[in-house]
Amino acid sequence: MSAHRQYRSPDGAARALAHLLREDAVARVASEREHEPDVEHERLLRTAGLRVSHARTPWLGVAALAAALTLLLTGAAWRHAHAALSFAVDGVARSEGALVAAPAGAAVLRFSDGSTFGVEPGAQVRVEASSATGARLALLAGKTVVHVVHREKSSWALSAGPFEVQVTGTRFSANWDANQQRLIVELYEGSVQVVSSSFSAPIAVRTGQRLEAGVGRGDWLVSALTPPPPKQTLQAPDATNNATPAAEPPPAESNEATAPGARAPHAGFDWPTLVQHADFDGIVHQAEDFGIERCLASCAPGDLRILADAARYSGRAALAERSLLALRKRVPSEAATAAFLLARLNESRGSPSEALRWYDEHLREAPSSVYAAEALAGKMRLLQQTGGSAAAHATAEQYLARFPNGVQAAAARRILTDSATR
Amino acid sequence: MRALPRSDTVVAFPRSRLTDAELVHAVAGGDHDALSAVWTRYVADVRTMIQSCLGPDSAIDDLVQEAFVGFYRNAARLENPRALRSYLLGIAARVSAFELRTRKRRFRWLRFTRTGTLPDAPAKDSPLDPRDSLRALRQILARVPELPRMAFMLRYAEDLSPQEVALALGISDAKARRAITRGRERVLALARQEPALLPYLEPWLEDA
């Protein structure tokens with residue numbers, strides 16, 4: 001090739017060469033995916049679940065399998081007598097060490113004896129160990145609503161920071177604020193015992209009582225639970241705000257009837273099932289049949305939230321907005337969460353000023369919410385997009401002050417650097 | 001008239017419908033379902049990237065695993081969860097580069113020649129075989145330093161923007177732009193000396 005020739009478009013030439021490689025790769029990947037595509041997926045989940053590095057050498061895997069099989073056989077008889085409770089999250093089996101988080105909506109951790117831990121949005125629960133008589137769990141952040149089935153021999157413990165809630169058979173919620181190091185336990189049924197190094201003796205919390213405790217000595221208070229505990233808590237994000245709370249704690253013998261999730265049955269739609277099948281159009285159509293205005297005015301808060309999510313996921317931004325506005329209006333305690341979701345909705349549909357307004361509203365109404373970091377990050381992002389780094393400077397500082405190790409901390413630092421150099 | 005809809009339980013939305021950012025947060029929280037959703041969404045992209053970097057290779061399955069396990073372990077530290085695809089492609093580029101680097105070390109003692117490269121076979125009279133072009137291009141890329149090579153692949157094979165390349169490689173925008181330019185100049189300079197690549201370059205060349 002003569003040396004005096006030059007590239008008319010170096011980018012075009014580079015792309016032509018690189019696409020040679022890519023097209024070859026695409027063709028190979030397409031043909032390879034035809035055989036056993038799930039094997040590699042399973043392998044990843046195994047690796048992630050066990051947190052061990054993958055073995056490249058097949059015999060290592062075989063040896064590990066043989067060792068596991070030996071253990072399995074020798075321990076079979078013992079396990080038969082002492083089978084540990086198994087558990088699943090939203091129907092998917094999990095193993096010890098599993099971290100249950102509910103980034104969007106809530107999740108339900110269900111044990112094989114029927115005990116359940118409802119993990120509310122933003123909360124994180126880890127199953128440390130399970131045995132034939134119960135399990136040890138750690139509440140890392142947020143709120144969980146617990147129903148432990150009463151049995152003759154049971155041993156359940158939920159730890160949160162320096163606290164441990166010891167449970168036999170009961171229904172309660174625990175809310176752990178990791179930032180403020182405060183625990184709130186609300187007893188709906190039965191009793192629990194809370195121990196901590198900051199208590200001189202274990203504190204018993206009984207039906208209808210609420211314990212709030214900090215980490216300092218003497219920083220705890222047991223008070224009456226008002227308003228009375230809702231019967232239909234557990235999985236619903238709106239659980240504590242439902243308009244029809246239980247009037248009195250139920251009698252002990254009526255465990256099953258008043259278990260979390262039990263709700264006065266009434267015929268009609270089953271939106272959670274439709275959600276499970278990702279039938280968001282179905283939810284919206286049912287709401288339309290019922291009457292959107294009527295639903296916005298009278299549907300349960302949980303249904304409004306489902307409708308808003310279904311509308312959002314099926315691309316009906318206007319309906320999502322109306323549902324969230326109705327939720328804000330009807331359920332004041334859900335207003336801040338709805339404001340955050342409205343901000344996200346507006347950001348995703350390219351309305352930065354509206355999104356900013358809702359992020360601000362959320363931060364004003366619930367400055368310490370589980371969405372606070374996301375809201376500040378969203379505000380910072382939008383300000384940078386619309387006005388550059390200088391406009392986002394103050395928010396970036398605020399973000400770093402509150403969440404120095406947050407996922408957007410590096411972005412915030414970049415904004416500060418950018419705005420300082422201009 | 002139908003009765004009010006009810007919600008005994010609120011069930012998490014299927015992970016496959018979550019946004020990238022939501023998935024990253026869920027994976028950071030140890031959610032294996034979310035990891036599955038990330039896998040389903042991006043395994044083909046990651047595999048293609050590794051395949052592009054290495055060509056047909058028996059290590060590809062392992063490297064795809066390495067890329068996703070790397071993501072799983074570092075999800076909580078992801079600076080921009082919305083740039084998940086760029087991030088995964090960046091990991092894919094890095095695990096491929098690491099594989100090439102360590103492989104060179106592992107097999108150095110097996111080399112037949114001082115440089116490790118076998119002499120070219122005599123030129124054939126037959127029409128150009130695309131496999132020759134691919135082989136030639138991979139040999140060229142092997143002579144490009146690691147960072148510019150990764151930047152070149154991400155920018156031109158995956159069509160990422162310079163900003164996305166920066167995110168993928170965890171470097172500044174300016175450094176990414178420099179790496180892209182360096183990679184492109186090096187590859188194009190070497191490629192114009194390679195007859196097997198001439199047909200692909202011709203449309204982009206003109207007389208000075």
Side-chain angles (χ1 to χ4, degrees), chain A residues 1 4-10 12-18 20-22 24-26 28-29 40-41 43-45 47-49 54 56 90 92 99 101-107 124 235-237 261 263 266-269 271-272 275-276 278 286 290 299-300 302-303 306 309 313 407 410-411, chain B residues 2-14 17-18 22 25-26 29-33 35-36 39 44 47-48 51-52 56 61-62 64-66 68-69 72 76 78-81 133-134 137 152-153 156-158 184-185 187-188 191-193 197-198 200-201 203-208:
Chain A
M1 184 179 294
H4 61 272
R5 298 184 76 194
Q6 63 183 25
Y7 287 106
R8 179 165 50 83
S9 162
R15 195 162 283 117
L17 291 182
L20 249 184
L21 296 170
R22 190 167 201 283
D24 176 62
V26 166
R28 286 179 192 280
V29 169
E40 291 298 308
H41 180 202
R43 183 178 161 200
L44 172 71
L45 292 181
T47 308
H54 67 274
R56 287 196 182 189
D90 290 338
V92 179
L99 187 67
Q124 292 187 342
Q235 300 94 332
R263 190 173 178 179
H266 48 115
F269 312 135
W271 286 359
V275 168
Q276 265 182 322
Q286 288 193 359
F290 182 73
C299 282
D303 294 325
I306 290 183
D309 285 338
Y313 280 91
V407 288
Chain B
R2 303 174 85 164
L4 277 171
R6 68 193 184 93
S7 60
D8 285 353
T9 58
V10 174
V11 191
F13 275 115
R17 302 293 291 260
L18 296 182
E22 287 168 330
H25 287 306
D31 184 335
H32 287 190
D33 296 339
L35 183 61
S36 293
W39 170 275
R47 201 176 176 82
T48 302
Q51 184 80 252
S52 299
D61 282 345
D62 290 327
V64 172
Q65 291 285 323
E66 242 173 64
F68 277 92
V69 170
Y72 176 68
L78 213 64
E79 286 181 13
N80 187 348
S133 308
L134 284 167
L137 188 50
F152 175 88
M153 290 302 290
Y156 296 110
E158 294 297 333
R184 184 187 63 216
E185 286 175 352
V187 169
L188 292 183
R192 59 190 299 172
Q193 299 161 18
L197 295 173
L198 186 59
Y200 300 95
L201 294 178
W204 304 98
L205 284 165
E206 62 186 7
D207 290 331

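Letters A, B, ... are given to chains in the order of the sequence lines, protein chains preceding strands, and every chain is numbered from 1.
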Ignoring hydrogens, what is the shortest heavy-atom contact between [X] and [Y]? Give both atom names and the distance.
X	Y	result
B:Gly29	A:Gln124	CA-NE2, 3.8 Å
B:Arg184	A:Ala14	CG-CB, 3.6 Å
B:Ala157	A:Ala18	N-CB, 3.5 Å

Item to check | From B:Tyr200, B:Tyr156, B:Trp204, residue fulfilling side-chain contact (heavy atoms from CB on, under 4.5 Å) relative to A:Leu17 | outcome: B:Tyr200
Item to check | Rounded distance (nearest 0.5 Å) linking atom CG of A:Leu21 with atom CG of B:Leu137 | outcome: 4.0 Å
Checklist entry - Just how far is it from atom CD of A:Gln6 to atom CG of B:Leu188, taken to the nearest 0.5 Å? => result 12.5 Å
Checklist entry - Which of the residues A:Ala410, A:Gly12, A:Ser9, A:Pro10 is involved in the greatest number of heavy-atom pairs with chain B at under 4.5 angstrom? => result A:Gly12
Checklist entry - Is the side chain of A:Arg8 donor-acceptor paired with the backbone N or O of B:Glu206 at a distance under 3.5 Å, no angle test? => result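 Side chain of A:Arg8 to backbone of B:Glu206: no pair is present.
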